[in-house]
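Below you'll find the structure, written out as structure tokens, and then a few comments.
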Amino acid sequence: MDLIKLSAADLSDAMSKGEVSAVEVAQAHLDRIAAVDDRVHAFLHLEGESAIAHATSVDARRSAGEQLGALAGVPLALKDNLAMRGVPTTCGSKILEGWRPPYDATVVERLRANDVVILGKTNMDEFAMGSSTEHSAYGATRNPWDLERIPGGSGGGSAAAVASFEAPLAIGSDTGGSIRQPAAVTGTVGVKPTYGAVSRYGLVALASSLDQVGPCARTVMDTALLHAAIAGHDHRDSTSINAEVPDVVAAATRADVRGMKIGIVSQLSGDGYQAGVSQRFTEALTHLEHLGAEIVEVSCPSFDYALGAYYLILPSEASSNLARFDGMRFGLRAGDDGRNSVEQVMSLTREAGFGAEVKRRIILGTYALSSGYYDAYYGQAQKVRTLIMRDFTAAFAQADVLVSPTAPTTAFKLGEKLDDPIAMYLNDVATIPVNLAGLGSMSLPAGLAPEDGLPVGFQIMAPPMADDRLYLVGAALEAALHDQWGHLLIEEAPGL
Amino acid sequence: MSTNHETIAFDEALKTFEPVLGLEVHVELGTRSKMFCGCSTVFGADPNTQVCPVCLGLPGSMPVVNRTAIESTIRIGLALNCTIASWCRFARKNYFYPDMPKDYQISQYDEPLCSNGYLDVTVETEDGPEVVRVEIERVHMEEDTGKLLHTGGATGRIHGADYSLVDYNRAGIPLVEIVTKTIEGTGHLAPAVAKAYVAELRDLMRALDVSDVRMEEGSMRCDVNLSLNRPGDGWGTRSETKNVNSLRSVERAVHSESERQAALLSSGGRIVQETRHFHEDTGRSTSGRSKEQAEDYRYFPEPDLVPVAPSEAWIEELRATMPELPSDKRDRLKAEWGINGFELQTIVNAGALELVEATINAGVDSAAARKWWTGELQRSANESGVELADLNVTPDHVKQVEALIANGALNDKLARQVFEALIAREGTVEEIIAERGLAVVSDDGALLVAIDEALASQPDVAEKIKDGKIQAAGAIVGAVMKATKGQADAAKVRTLLLERLGVSE
Amino acid sequence: MTISRADVAHLGRLARLELTEQELDHYSTQLDVILHAVARISEVAADDIPPTSHPVPMENVYRADVVVPGVDRSEVFASAPAHEDDRFRVPRILDEE
Ligand SMILES: [Mg+2]
Ligand SMILES: [Zn+2]
């Protein structure tokens, strides 16, 4: 059996049956990484030794008859903006080169507690600012479907690792689509849980009121298993929701949409959406209809302003969150020649340590918050946020979940939009609204666009704390498409 | 850096100008753990031993609010007669400084937890004590910064230092900022009002037991905003004098800044809106950051913290924990000690209330306790510029000394020497008396010799006394006391003298 | 509303970015473009609409005032650019006391 092709669920099953050991599974994935990552460049840092050591202990405890978690021994790739004690954490930035956190993110603690084997840290747009992973200070990640194309962003590394069979599971973070858009363009599954469902403690903040950690995998069930492992209240995150996590695994198992109302958001289709993307989206709707769902159309007029609000709120919060990268306590310090003042050294450090996109957004955010402009920009953006939440509330009165294409286009070519921020930002037009409203959302493969043969993503959006609905619908659609194709879409990806 | 040393005497200045005051006081709360993390707040620990990812501002860390800090702030608000907000948020104050780990301070901006209160303070005037109501603008929560140590260069000061060292133990300790509305119409009382206000706040914090309010350790710090205006004109430009860190300095800062501004204005100059830095040593301030260089703090609601929304029930619960407030306490003590407001105010202004109270509770009578603390001891405290409490004289010392006076072993003059020696840390009361050989001379023989010598040297006085002019005895008694270096009991000398001359009263 | 080079230079000082001449040109042009693209939000955001600062409405989240162990300074200093005498060493500060 080809271990790297197995889902997390199947690997877990095989390991618990004793058909394969956690060490064999970890080694198979490390070998795969060794074989293909020089081309994909999904990883920034590998933890091979500690992965094998952890896998060894999992095997030992399993053979000792210890009861282990559902994901015990399953390998995982961790996005490089999550703190892992003693392990380099760069956020894809030069400014954090050499920083080894003295603590674990809550998500990392929970992965350890579940005996998930962490293989290494994955590449990302610097500080998660981008939709292509080209803004990493350590070089771009490539899309396994076409190495000349982008794997999406900011979590291109996590998506590419999963898509190229380097890991069955990965952790991402989603501020405006950074889990879902990469999933869409790499033919994988990604979920952005309800804001506050997964602890942000240890996630290097981009925009605190938008960021959310979530699971990436090749199947809906695998994302559900990982979601269940990392979600839940954390007293170290004041914005963490103190409530029962909906049973996402049960929902993924039920995979039933009969009697459900599924709402198409009219503002998230049509103009600007690639023909093949719209076609696969519509076909997916037909599948859901056949499965017993009722398709309705809903209108969310203020979504037209979501992108504008997002590109004011995000830079504003980011300009403050990224202030601490000043070369005083950790990471890079530049220009400390004994004569330069602390102010000069801070400025030289930040100038040298931050890339173009990060500087662009820091300047924009500083402007949007500065006296005289706050009301016109940040203040207005927060009002638009209210309007978007109202639109969602109204829409969810008509439908149980909302759907749209995840991204307007399939994967574009590396460098194509690198110096056109607006064009780059437009990739997030469909994924941003849920971040502004704090809702949960999933992207899963809907097929390949006929015109370029590249993956298309189908986005599902659920009301707050109803993340289980994402899995009910996602798993049902996935099964229907699986029946149609006879396999997962990712199986059609060219071998590397 | 312009420092204007020409001044106009305060009283002169007040003839032309009306000072307008504003006081910002920062109080470090005495919570066990920090504002947003579980690190200890114990003072004086080894550098960077009370730190964690949160208070070091490490990437990925997140703040969680200390419930006790919120409760202390609400109790302060209640004690200051403030409105407690039913809903408010923390805000980020963005500016870069190496003592601030996140390069933003979590504070409150336009939604303070407490607002619109007042505090009545009493100041002495020519015609008795006067009550001045100081209105409170706001009371809000924020976090303290780390401590900088300036190294290399000539001075240990920031200027000319080669580099600095940072200890983040203090970073994240809960701070409460108490801001007054403008205090107007106090005229020449302005310095006294400022001092009395800060002293009253300090006593209030102690009574509430929310802070140890030790100004010399920086757990209570005061910024003085001051402007002068000619009566009738609008307000003048104000300066903000920072780190004024003792009661005495608060008074001096208002005084010297009024004089400085008056001189400038009278000589046709203009006041620049700036922050100034007070120097305890000179009692003067030097110019700091001007308005033009002022930061743009880019405040916005802290997204990592959820709103603070105290329920009525919670507030009432806290109201129930309010202790006897200093003003009520003073009314009670006036009655118990049988003194008037002025006498009590003297004690309060001397910062001696707790000490006098403890001394009286130790069994010393009220008059004596007050006499020592507000007299001799306060004088020494002022001379050495320290708080009474730090004089190394305790209520128990006063009790011991008073006991010795009662049984005639000491007299007031000798007692003063005992206190002087205690302050000089020469040892215990017993040791000091032994060391310095302080004892009332009660040996009649020795006294009679001294009396005879005195009579011999002033025969005319001796005659007067014999003729019945007993009031003249004072001269001889004085001479004897002088001869015995004050170690005699004056009353006893008088009795012996009259016996000697065979006259009776 | 257009952003001049001077504006960008000022923002660079506020944000502690030692921007190059080219960057000043580059960003002033791009900021204009971006701001024009986002400016339309003012069309919809009327006065009577309350701003939303937190996506999930929550209140009163607190921790008890108990001391919990922090981190070992040596582990932090290991990743620090400079330290001395158990303190973080930083360049000289040009500022008032
Ligand atoms: Mg303050
Ligand atoms: Zn701490």
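These numbers come from the heavy atoms of this one structure, side chains and all, not from hydrogens, waters or symmetry mates. We name chains A, B, ... by the order of the sequence lines, and we start the count at 1 in each one.
Atom NZ in K383(A) sits 10.0 Å away from atom CD1 in I41(C) (nearest 0.5 Å). Rounded to the nearest 0.5 angstrom, H26(C) NE2 and I363(A) CD1 are separated by 10.0 Å. To the nearest 0.5 Å, atoms CG (L14(C)) and CD1 (I362(A)) are separated by 12.5 Å. Of the inter-residue distances, the one linking S341(A) atom OG with I93(C) atom CD1 reads 9.5 Å to the nearest 0.5 angstrom. Considering CD of Q30(C) and CG of L364(A), their distance stands at 10.5 Å, rounded to 0.5 Å. The line from CD of Q382(A) to CD1 of I49(C) is 13.0 Å long, rounded to the nearest 0.5 Å.
The candidate from S319(A), A356(A), S208(A) with the greatest count of non-hydrogen atom pairs under 4.5 Å with chain C is A356(A). Of the listed residues (V61(C), L11(C), V8(C)), the greatest number of heavy-atom pairs within a distance under 4.5 Å of chain A belongs to L11(C). With respect to chain C, the highest number of heavy-atom pairs below 4.5 Å among R329(A), M346(A), Q344(A) belongs to R329(A). For the set N435(A), L312(A), L436(A), T349(A), the count of heavy-atom pairs under 4.5 angstrom toward chain C peaks at L312(A). Heavy-atom pairs under 4.5 Å with chain A were tallied for D72(C), V71(C), V56(C); the largest tally goes to V56(C). Between chain A and the options P81(C), A80(C), A82(C), A39(C), heavy-atom pairs under 4.5 Å are most frequent for P81(C). Ranked by non-hydrogen atom pairs under 4.5 Å with chain A, the options S42(C), P51(C), A37(C) are led by P51(C). Between chain C and the options M389(A), M465(A), E317(A), R236(A), the largest number of non-hydrogen pairs under 4.5 Å is found for M389(A). Looking only at heavy-atom pairs under 4.5 Å with chain C, the residue among P101(A), G308(A), A368(A), A376(A) that has the most is G308(A).
Heavy-atom distances place no part of Y378(A) under 4.5 Å from chain C, backbone and side chain included. Proximity to chain C (any heavy atom under 4.5 Å) is shown, for D419(A), by both the backbone and the side chain. Contacts of L439(A) with chain C are absent, with no heavy-atom separation under 4.5 Å from either backbone or side chain. In this structure, chain A has heavy atoms under 4.5 Å from both the backbone and the side chain of D47(C). If you measure heavy-atom distances from H83(C) to chain A, you find no contacts under 4.5 Å at all. If you measure heavy-atom distances from I422(A) to chain C, the contacts under 4.5 Å come from the side chain alone. For chain C, no part of Y310(A) is nearby; none of its heavy atoms comes within less than 4.5 Å. Only the side chain of D336(A) comes within contact range of chain C, with heavy atoms under 4.5 Å apart. Neither the backbone nor the side chain of R63(C) has a heavy atom closer than 4.5 Å to any heavy atom of chain A. Proximity to chain A (any heavy atom under 4.5 Å) is restricted, for L31(C), to the side chain, taken from C-beta onward. Only the backbone of R89(C) has a heavy atom closer than 4.5 Å to any heavy atom of chain A. Contact annotation for A381(A): both backbone and side-chain heavy atoms come within less than 4.5 Å of a heavy atom of chain C. Contacts of V44(C) with chain A are made by both backbone and side-chain atoms, with heavy-atom separations under 4.5 Å. For a residue to count as touching a neighbouring chain, one of its non-hydrogen atoms must lie under 4.5 Å from one of that chain's; by this rule P421(A) touches chain C with the side chain only.
A distance-only check finds a donor-acceptor pair linking the side chain of S79(C) to the backbone of R100(A) [under 3.5 Å]. When atom types are taken as modelled, the side chain of T386(A) and the backbone of P50(C) share a donor-acceptor pair closer than 3.5 angstrom. Under the 3.5 Å distance criterion, the side-chain polar atoms of R360(A) are left unmatched by any main-chain donor or acceptor of Y27(C).
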Begin with the C-alpha distance, continue with both residues' side-chain angles, and end with the deciding distance and a verdict on side-chain contact (heavy atoms from CB on, under 4.5 Å) for Y367(A) and L35(C).
-> CA-CA 10 Å; Y367(A) 176 78; L35(C) 284 170; 3.4 Å; yes
Apply the test side-chain contact (heavy atoms from CB on, under 4.5 Å) to residues V76(C) and F330(A): give CA-CA distance (whole Å), side-chain angles for both, the deciding distance (0.1 Å), then the verdict.
-> CA-CA 8 Å; V76(C) 180; F330(A) 50 82; over 6 Å; no
Worked verdict on R16(C) versus E343(A) for side-chain contact (heavy atoms from CB on, under 4.5 Å) = CA-CA 7 Å; R16(C) 296 289 187 274; E343(A) 183 172 347; 3.5 Å; yes
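Between E75(C) and R85(A), at least one side-chain N (NZ, or NE/NH1/NH2) sits under 4.0 Å from a carboxylate O, which counts as a salt bridge.
The heavy-atom pair separating M58(C) from S238(A) by the smallest distance is CE-O, 4.1 Å. T366(A) approaches A15(C) most closely through the heavy-atom pair OG1-CB, 3.7 Å. For the residue pair L19(C) and K359(A), the shortest heavy atom distance occurs at CD2-CD, 4.3 Å. Of all heavy-atom pairs between Y305(A) and R40(C), the closest is CE2-O, 3.5 Å. What you find for S209(A) and P55(C) is that their closest heavy atoms are O-CG, 3.3 Å. Across R333(A) and P91(C), no two heavy atoms sit closer than the pair NH1-CD, 3.9 Å.
Between E18(C) and R350(A), the closest side-chain pair of non-hydrogen atoms is not below 4.5 Å.
Under the ring-ring contact (aromatic ring centres under 6.0 Å, His included) criterion, Y62(C) pairs with W314(B), not counting sequence neighbours.
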